[in-house]
Amino acid sequence: KEATDALVKLPSTRIVEGRERCLLAPNGSPDCGAAAETICKAKGFKTGSSANIESARKCSARALLSRNEDDCVNETIVTRAACQ
């Protein structure tokens, strides 16, 4: 929250809302940079970085019915981006 407040004080930075799924980096961790850039470019900005993300476990219907978590994946989504 403090970092977001500091970013908003910069004159050319705006916090925008959107929903874009983060890609996985080669090491398996979420890489949300491209997702934030996509949100910002869709709003008419040139660059951006993630300001807020959400993570959730996503399972197929088959996995839920069989109670087998092999078909489940962790999904990370950028919900706010700091755009310039």
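Values reported hereafter were calculated over all heavy atoms of this structure, with side chains retained and with hydrogens, waters and symmetry mates removed. Because the structure is a prediction, the values reported are computed rather than measured.
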Crowding at CZ, R67 (>12 non-hydrogen neighbours, <6.0 Å):
no
Measure the shortest side-chain to side-chain distance between T79 and R19 over non-hydrogen atoms and say whether it is less than 4.5 angstrom.
yes
To the closest 0.5 Å, what do you measure between OG (S60) and CG (N68)?
8.5 Å
Using side-chain contact (heavy atoms from CB on, under 4.5 Å), reason through V78 and C22 one step at a time and then give a plain yes or no.
CA-CA 7 Å; V78 174; C22 300; 3.6 Å; yes
Please report the interatomic distance SG(C83) to NZ(K43), rounded to the nearest 0.5 Å.
9.0 Å
Interatomic spacing from CD1 in I15 to CG in N52 - rounded to 0.5 Å:
9.5 Å
Side-chain polar contacts of residues 31-41 - donor-acceptor pairs under 3.5 angstrom, sequence neighbours left out - could you list them?
residue: D31; atom: OD1; partner: G33; partner atom: N; Å: 3.4
residue: E37; atom: OE2; partner: G48; partner atom: N; Å: 3.3
residue: T38; atom: OG1; partner: A34; partner atom: O; Å: 2.9

Any side-chain heavy atom of R21 within less than 4.5 Å of one from E75?
yes
Side-chain heavy atoms of F45 within contact of Q84, under 4.5 Å
no
